[in-house]
A.B. asks: 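Let me begin by handing over the structure; questions about it come next.
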Number of protein chains: 2
Amino acid sequence: MADELFKALADATRRTILDELAQRSGQTLFEICARLSTRHDLGMSRQAVSQHLAVLEAAGLVETRREGRYKFHDLNTAPLEHIAERWTRPDDHQERRS
Amino acid sequence: MADELFKALADATRRTILDELAQRSGQTLFEICARLSTRHDLGMSRQAVSQHLAVLEAAGLVETRREGRYKFHDLNTAPLEHIAERWTRPDDHQERRS
DNA sequence: ACGTTAGGCAAGTAGAAACTTGCCTGTCAA
DNA sequence: TTGACAGGCAAGTTTCTACTTGCCTAACGT
């Protein structure tokens, strides 16, 4: 569960996609592809971006809604909020396996 | 720079090591190895743990001090504090490449 | 109806991780 | 000063991950 979040954040391209959605949420796959190509120097296939979005969605960082043939991607920052607390407030995260 | 931080957090074993140091900071490599073996089910070679610690240190999450033949590892949570802000306060992180 | 546009589904490949094994260096205690 | 202890370095292996290529489905416009 937390694993997918950290794995999703581990890739620089995925973090750039999050940046893109932070600036303009609700973009389609093709829009994101176009913006990554122009604004950043990421020449990547549509498939690559699609797979990245799938990883981000599995981590809960991106939510999608379909409308006709369009699929819009929205940023969800909620999973990011409590990352630090795991180690800054260690009492909350002790493993209780008794 | 930020890349090393997210890469460091991507691995579950490394996050467990951070948990361990959050509970008891200042442990040596052998102490961490022993505790990972007993408290968690991670049967790993000393080398593996050592390499994980190197990654965590490169990310700034662990700081070390040598005393004689002992090397103590301390947790540093500072790099964790502002992770979420990159996307929750997007204005602060726009790429300014003129 | 037909071409175009938006997106999905494998299967394959190249490179990067994680982990191991073996040996080597430095520190301390007896 | 010799042996045990704490740790480091350098391969090598295997597993995972990012990316590509090729084809396929669904929705829309004309």
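Values below: every heavy atom of this structure, side chains too, minus hydrogens, waters and symmetry copies. Chain identifiers are assigned alphabetically (A, B, ...) following the order of the sequence lines, protein sequences preceding nucleic acid strands; residue numbering begins at 1 within each chain.
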A.B. asks: To the nearest Å, give me how far apart CD1 (B/Ile17) and P (C/dA18) are.
C.D. replies: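 Atom CD1 in B/Ile17 sits about 11 Å away from atom P in C/dA18.
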A.B. asks: Choosing from D/dA6, C/dG7, D/dG8, which nucleotide comes nearest the side chain of B/Lys71?
C.D. replies: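 The nucleotide sitting nearest to the side chain is D/dG8.
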A.B. asks: Could you tell me whether B/Asp11 and B/Arg15 have a side-chain N and a carboxylate O separated by less than 4.0 Å?
C.D. replies: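 Judged by the 4.0 Å cut-off on N to carboxylate O distance, B/Asp11 and B/Arg15 do not form a salt bridge.
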A.B. asks: How many Å lie between CD1 on B/Ile32 and C1' on D/dG7, as a whole number?
C.D. replies: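 From B/Ile32 CD1 to D/dG7 C1': 12 Å.
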A.B. asks: With distance as the sole criterion, is a donor-acceptor pair present between the side chains of A/Gln51 and A/Arg14 under 3.5 Å?
C.D. replies: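 No, because no side-chain N or O of A/Gln51 sits under 3.5 Å from a partner of the opposite role on A/Arg14.
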A.B. asks: Would you mind reading off the distance between B/Leu53 atom CG and D/dG8 atom P, rounded to a whole angstrom?
C.D. replies: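 So the two atoms are 9 Å apart, to the nearest Å.
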A.B. asks: Taking A/Asp74 for its side chain and A/Gly26 for its backbone only, find out whether a donor-acceptor pair lies under 3.5 Å.
C.D. replies: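 Present.
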A.B. asks: In whole angstroms, how far is the P atom of D/dG7 from the CD atom of B/Glu67?
C.D. replies: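 Answer to the nearest Å: 12 Å.
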A.B. asks: What is the distance, rounded to the nearest whole Å, between atom CD of A/Glu31 and atom C1' of C/dG7?
C.D. replies: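 In whole Å, C/dG7 C1' and A/Glu31 CD are 14 Å from each other.
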A.B. asks: Please report the distance, rounded to the nearest Å, between OH in A/Tyr70 and P in C/dG7.
C.D. replies: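 Checked: the OH to P distance equals 8 Å.
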A.B. asks: Please write out which residues are connected to B/Phe72 in a hydrophobic cluster, directly or through intermediates, given that two of Ile, Leu, Val, Met, Phe, Trp, Tyr count as joined at side-chain heavy-atom separations below 4.5 angstrom.
C.D. replies: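 Hydrophobic cluster check, B/Phe72: joined to B/Tyr70.
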A.B. asks: Mind checking what makes side-chain hydrogen bond (donor to acceptor under 3.5 Å, both in side chains) contact with A/Thr28, not counting sequence neighbours?
C.D. replies: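 side-chain hydrogen bond (donor to acceptor under 3.5 Å, both in side chains) check on A/Thr28 returns A/Glu31.
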A.B. asks: Which protein N or O atoms sit under 3.5 Å from an N or O of nucleotides 9-19 of chain D?
C.D. replies:
unit_1	atom_1	unit_2	atom_2	d
D/dC9	N4	B/Gln47	NE2	2.2
D/dA18	OP1	A/Arg14	NH2	2.9
D/dA18	OP2	A/Arg14	NH1	3.4
D/dC19	OP2	A/His52	NE2	2.2

A.B. asks: Tell me whether the OP1 or OP2 atom of C/dG7 has a side-chain N or O from A/Ser50 closer than 4.0 Å.
C.D. replies: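 Checking C/dG7 against A/Ser50, no side-chain N or O comes under 4.0 Å of OP1 or OP2.
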A.B. asks: Under a 4.0 Å N-O cut-off, is there an ion pair linking B/Glu63 with B/Arg65?
C.D. replies: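 The answer is no: the pair does not qualify as a salt bridge.
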A.B. asks: Rounded to whole Å, how long is the line connecting atom CZ of A/Phe30 with atom P of C/dG7?
C.D. replies: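 Between P of C/dG7 and CZ of A/Phe30: 6 Å.
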A.B. asks: Looking at side-chain heavy atoms only, is the closest gap between A/Thr16 and A/Leu36 below 4.5 Å?
C.D. replies: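 With C-beta onward as the side chain, the pair touches.
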A.B. asks: With distance as the sole criterion, do the side chain of B/Arg69 and the base of C/dC28 form a donor-acceptor contact below 3.5 Å?
C.D. replies: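 No, the side chain and the base share no sub-3.5 Å donor-acceptor pair.
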A.B. asks: What's the CD-P distance between B/Glu4 and C/dA17, to the nearest Å?
C.D. replies: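 Spelled out: CD on B/Glu4 to P on C/dA17 is 11 Å.
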